[in-house]
Amino acid sequence: MDAHAEEPPVERRVGDALREAGETVAVAEAATGGLVGALLTAPSGASDYFDRSFVTYSYDSLREVLAVPRERLDEHGAVGGPAVAAMARAARDRARTDWGLAVAGIAGPGGGTDDRPVGTCIVSVARAAPWESGDSETTTERHVLDGGSRADRRERFTRRALADLLAAV
């Protein structure tokens with residue numbers, strides 16, 4: 001996907017939406033390896049809404065940095081909705097932000113299965129509501145983005161994650 005296909009680009013629209021709402025975001029990313037954080041911090045003034053990015057590529061880092069339960073990883077894998085939802089909630093809670101965004105996927109060229117082909121991308125968005133309100137929520141979406149190189153898929157995973165965050169904000 002061309003970084004300039006949309007004007008303004010999704011990272012600027014996300015930043016504008018967060019700034020307008022007076023809210024902040026923290027990111028947990030695996031397959032994108034820091035690309036989400038890089039795009040979110042590209043616009044000037046990103047410190048108004050961006051707190052931090054956790055790049056947790058291995059099972060060990062998911063458990064150690066974000067406390068994703070071993071049982072969740074064993075049962076669903078790192079590219080599974082329950083694990084990615086846990087990543088989003090952990091990013092939000094560890095950073096004490098309004099939003100947590102998480103993305104994991106299979107960028108290829110190998111690693112795909114019949115159930116999770118190359119191009120599978122899981123995005124989870126966690127919103128914090130006021131304490132004791134019971135209104136915090138997490139949404140998780142599975143996308144399959146066909147075609148392209150590993151680098152193309154990683155960029156498309158990044159932009160898909162930002163689009164899902166923008167829709168939530």
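- Atom CG of residue Leu73 and atom CZ of residue Arg70 lie 9.0 Å apart, to the nearest 0.5 angstrom.
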**Message:** Val123 vs Cys121, test: side chain to side chain contact (heavy atoms under 4.5 Å, CB included). Steps then yes/no.
**Reply:** CA-CA 7 Å; Val123 177; Cys121 171; 3.8 Å; yes
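- Residues Val36 and Ser53 are not in side-chain contact: their nearest non-hydrogen atoms beyond the backbone lie 4.5 Å or more apart.
- With salt bridges taken as basic N to acidic carboxylate O contacts below 4.0 Å, none links Asp16 and Arg13.
- Listed by chain and number, the residues in a side chain to side chain donor-acceptor pair (under 3.5 Å) with Ser136 amount to none (sequence neighbours excluded).
- Contact annotation: the side chain of Tyr49 approaches that of Pro43 to within less than 4.5 Å [non-hydrogen atoms, C-beta and beyond].
- Every residue two or more places apart in sequence or in another chain that forms a side chain to side chain donor-acceptor pair (under 3.5 Å) with Arg160 is listed here: Asp164.
- Inter-residue side-chain proximity for Thr140 and Thr138 is flagged as met; some heavy-atom pair is nearer than 4.5 Å.
- In this structure the side chain of Arg52 never reaches within 4.5 angstrom of the side chain of Thr97, judged on heavy atoms.
- Checked by atom type and distance alone, the side chain of Glu29 never pairs as donor or acceptor with a backbone atom of Val55 at under 3.5 Å.
- We find the CG-CZ distance between Leu62 and Phe54 to be 12.0 Å, quoted to the nearest 0.5 Å.
- For the pair Arg116 (side chain) and Val79 (backbone), a donor-acceptor distance under 3.5 Å is present.
- For the residue pair Thr56 and Met87, the shortest heavy atom distance occurs at OG1-CE, 3.9 Å.
- Atoms CG and CZ, on Asp146 and Arg153 in that order, are 9.0 Å from each other to the nearest 0.5 Å.
- Note that CD of Glu23 and CZ of Arg127 are 8.0 Å apart. Values are rounded to the nearest 0.5 Å.
- One finds the CZ atom of Arg154 at 14.0 Å from the CG atom of Leu145 (value rounded to the nearest 0.5 Å).
- Remark: the backbone N or O of Leu162 is not paired with any side-chain donor or acceptor of Glu11 at under 3.5 angstrom.
- Atom-to-atom distance recorded for Leu40:CG and Leu35:CG is 11.0 Å, nearest 0.5 angstrom.
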**Prompt:** Could you walk me through whether Phe50 and Thr24 pass the side chain to side chain contact (heavy atoms under 4.5 Å, CB included) check?
**Reply:** CA-CA 6 Å; Phe50 182 78; Thr24 56; over 6 Å; no
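- The closest donor-acceptor contact from the side chain of Asp152 to the backbone of Ser149 lies under 3.5 Å.
- Hydrophobic clustering (ILVMFWY, side-chain heavy atoms < 4.5 Å, transitive): Leu166 and Val27 are in one cluster.
- Arg92 places no side-chain N or O within 3.5 Å of a backbone atom of Ala26 that could act as its donor or acceptor partner.
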